[in-house]
Amino acid sequence: MSLILGLIASPAGRLAGALLLAGLLAGAIYLKGRHEGRAACLAQGERDVVETIERANHARAAADQRLADPRRLREPDAFRRE
């Protein structure tokens with residue numbers, strides 16, 4: 001116990017404690033930023049996927065409207081789907 005008190009009382013001990021505390025604080029800030037950055041990347045990826053699906057659905061609907069001529073039958077497009 002007296003060794004710990006001796007370390008706290010000495011200038012070298014206080015410096016070592018301050019450096020340790022600064023290192024722990026920097027590590028905590030780094031880990032927090034990393035966690036928030038990962039969450040932001042995942043959220044952006046999900047938004048991109050949803051946006052892509054919506055754009056594809058709109059494009060399909062627009063194509064269906066262009067091809068929906070009531071005077072003729074639709075051309076077979078099985079060869080395009082393969």
Side-chain angles (χ1 to χ4, degrees):
M1 184 70 169
S2 64
L3 180 63
I4 294 174
L5 290 176
L7 280 176
I8 293 173
S10 70
R14 286 193 299 266
L15 180 63
L19 289 175
L20 180 65
L21 185 62
L24 289 174
L25 184 62
I29 291 171
Y30 169 76
L31 290 176
K32 182 178 185 277
R34 182 178 165 119
H35 175 72
E36 289 176 357
R38 182 177 188 273
C41 284
L42 289 175
Q44 181 64 39
E46 290 175 5
R47 283 192 299 269
D48 288 346
V49 167
V50 169
E51 180 184 322
T52 302
I53 290 170
E54 288 175 358
R55 284 188 3 226
N57 288 338
H58 290 303
R60 283 188 204 102
D64 285 342
Q65 286 179 350
R66 281 192 303 271
L67 294 176
D69 186 2
R71 295 174 300 195
R72 68 177 176 89
L73 294 176
R74 209 168 201 188
E75 296 175 7
D77 61 349
F79 66 93
R80 294 184 200 144
R81 295 182 187 173
E82 292 177 3

Enter the distance from Leu24:CG to Leu20:CG here, rounded to the nearest 0.5 Å.
4.5 Å
Sequence-distant partners of Arg47, side chain to side chain contact (heavy atoms under 4.5 Å, CB included), two or more places apart:
Ala43, Gln44
Not counting sequence neighbours, which residues clear side chain to side chain donor-acceptor pair (under 3.5 Å) with Arg60? List them please.
Asn57
Residues which pass salt bridge (Lys or Arg N to Asp or Glu O under 4.0 Å) with Arg55, listed by chain and number, not counting sequence neighbours
Glu51
